[in-house]
K.L.:
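To start, I am sharing the structure in question, which I have written as structure tokens.
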2 protein chains.
Amino acid sequence: MSIQESGEMYLETIYILSKKNSFVRSIDVGEYMGYSKPSVSRAVGLLKNGGYITVDKEGYISLTDVGTEVAEKMYERHKLLTDLLIKLGVDEETATEDACRIEHHISDKSFEAIKKHINQF
Amino acid sequence: MSIQESGEMYLETIYILSKKNSFVRSIDVGEYMGYSKPSVSRAVGLLKNGGYITVDKEGYISLTDVGTEVAEKMYERHKLLTDLLIKLGVDEETATEDACRIEHHISDKSFEAIKKHINQF
DNA sequence: ATAATAAGTTAGCTTCGGCTAACTCTGAAA
DNA sequence: TTTCAGAGTTAGCCGAAGCTAACTTATTAT
């Protein structure tokens, strides 16, 4: 099971919520993303199945190493792309939205290239 | 019917093929994009229906004004994003691939911001 | 004239990832 | 103790956009 764009978004959300709160449940993920409980339930099942997260008896979700890797990658891209767009004069809201979509569609190569040049923008 | 990412790709392809050849048929679009005839057939039907293209009795496809607008927008983004990535040191193939995906996910605002700063990269 | 090829369409399948409705289960409150 | 709220799951729908198989139709070649 290779991870899809949607899976990446869920993992990134779990990562963000984990940093903010002491625990993350499906319901929190759904609220944050604006998705229904069944949608989250299925996604969580798939991610668990794929080895990206674990869920304990309390329903608390944790990222595995692999899951953390994916989530951090997305999060790093998100931050850097947002930064870049803001530096270029884009308003914060638009920058965040665009970064959120672009982060899933850019190759490692391109991302590294942007990262290397970010300071000269 | 609002245009989807897939529709944008078809329109851009039709635009590119129109500049290269004297006519564009469904079969040409399919060959260029690597899609099957039925896939193209349906997409062409939807785009025709949506007022983005016209198809004459010969099966020759033309972009309407609206279709041209969308196609040119995508094409411009494609070129500019490819340029940008290449300037940042990304190899041409990767740059083209990434540009092709990003072009559908970036807002007008962000694109204009990149365009304004492209020369200083 | 017949047969073969090319282009397009139709029917119907698949996966992805949303959704609602309706169920279960658990823990807290009356 | 009974009831109710919150969280999660199950079943099943939907649209988007690929696909194959099999058909039609028109042109070209024998």
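Every chain is numbered from 1 and lettered A, B, ... according to where its sequence line falls, protein lines coming before strand lines. Values below: all heavy atoms of this structure, side chains included; hydrogens, waters and symmetry mates excluded.
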K.L.:
Before giving the answer on side-chain hydrogen bond (donor to acceptor under 3.5 Å, both in side chains), spell out for B:H105 and B:E5 the whole-Å C-alpha distance, their side-chain angles and the decisive distance to 0.1 Å.
P.N.:
CA-CA 8 Å; B:H105 299 284; B:E5 173 172 349; 3.1 Å; yes
K.L.:
Between A:Q4 (CD) and C:dT15 (C1'), how many Å, whole number?
P.N.:
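About 9 Å, once rounded to whole Å.
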K.L.:
Rounded to the Å, how far apart are B:I3 CD1 and D:dG15 P?
P.N.:
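From B:I3 CD1 to D:dG15 P: 18 Å.
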K.L.:
Quick check for you: among C:dG17, C:dG8, D:dG8, whose closest atom lies nearest to any side-chain atom of A:R25?
P.N.:
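The listed nucleotide nearest to A:R25's side chain is D:dG8.
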K.L.:
Hey, can you pull the residues of residues 26-44 of chain B with a non-hydrogen atom under 4.0 angstrom from DNA chain D?
P.N.:
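Nucleic-acid contacts, sorted: B:G34, B:Y35, B:S36, B:P38, B:S39, B:R42.
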K.L.:
Per the side-chain hydrogen bond (donor to acceptor under 3.5 Å, both in side chains) rule, what does the pair list look like for residues 27-47 of chain A, sequence neighbours excluded?
P.N.:
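side-chain hydrogen bond (donor to acceptor under 3.5 Å, both in side chains) check on residues 27-47 of chain A returns A:R25-A:D28, A:S36-A:S39.
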K.L.:
Identify which one of A:V70, A:V24, A:T68 satisfies the side chain to side chain contact (heavy atoms under 4.5 Å, CB included) criterion when paired with A:L63.
P.N.:
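Of the listed residues A:V70, A:V24, A:T68, the side chain to side chain contact (heavy atoms under 4.5 Å, CB included) partner of A:L63 is A:T68.
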K.L.:
Whole Å only: how far is the OH atom of B:Y60 from the P atom of C:dA7?
P.N.:
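For the pair B:Y60 OH and C:dA7 P, the rounded distance is 10 Å.
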K.L.:
Return the value, rounded to whole Å, for the distance between atom CD of A:E5 and atom C1' of D:dA16.
P.N.:
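Checked: the CD to C1' distance equals 14 Å.
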K.L.:
At under 4.0 Å, does any side-chain N or O of A:Y10 touch on OP1 or OP2 of C:dG18?
P.N.:
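Answer yes for this pair, as a side-chain N or O of A:Y10 is under 4.0 Å from OP1 or OP2.
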K.L.:
Could you pull out all residues at least two apart from B:Y75 that satisfy ring-ring contact (aromatic ring centres under 6.0 Å, His included)?
P.N.:
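For B:Y75 the ring-ring contact (aromatic ring centres under 6.0 Å, His included) partners, ignoring immediate neighbours, are B:Y15.
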K.L.:
Do A:I118 and B:I86 belong together in a cluster built from hydrophobic side chains that touch within less than 4.5 Å?
P.N.:
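Shared cluster, no.
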K.L.:
Round to a whole Å and report the spacing from CG of A:L47 to P of D:dG8.
P.N.:
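Whole-Å distance recorded here is 15 Å.
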K.L.:
Give the rounded distance in Å between these two atoms: CG of A:L46 and P of C:dG17.
P.N.:
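Rounding to the nearest Å, CG of A:L46 and P of C:dG17 are 8 Å apart.
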K.L.:
Between B:H104 (NE2) and D:dA16 (C1'), how many Å, whole number?
P.N.:
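After rounding, the reported distance stands at 15 Å.
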K.L.:
Using atom types as modelled and distance alone, determine if a side-chain donor or acceptor of A:S26 lies under 3.5 Å from a backbone N or O of A:V40.
P.N.:
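Side chain of A:S26 to backbone of A:V40, a donor-acceptor pair under 3.5 Å: no, none is there.
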K.L.:
Nearest whole Å is fine: how far is D:dA16 P from B:M9 CE?
P.N.:
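Spelled out: CE on B:M9 to P on D:dA16 is 19 Å.
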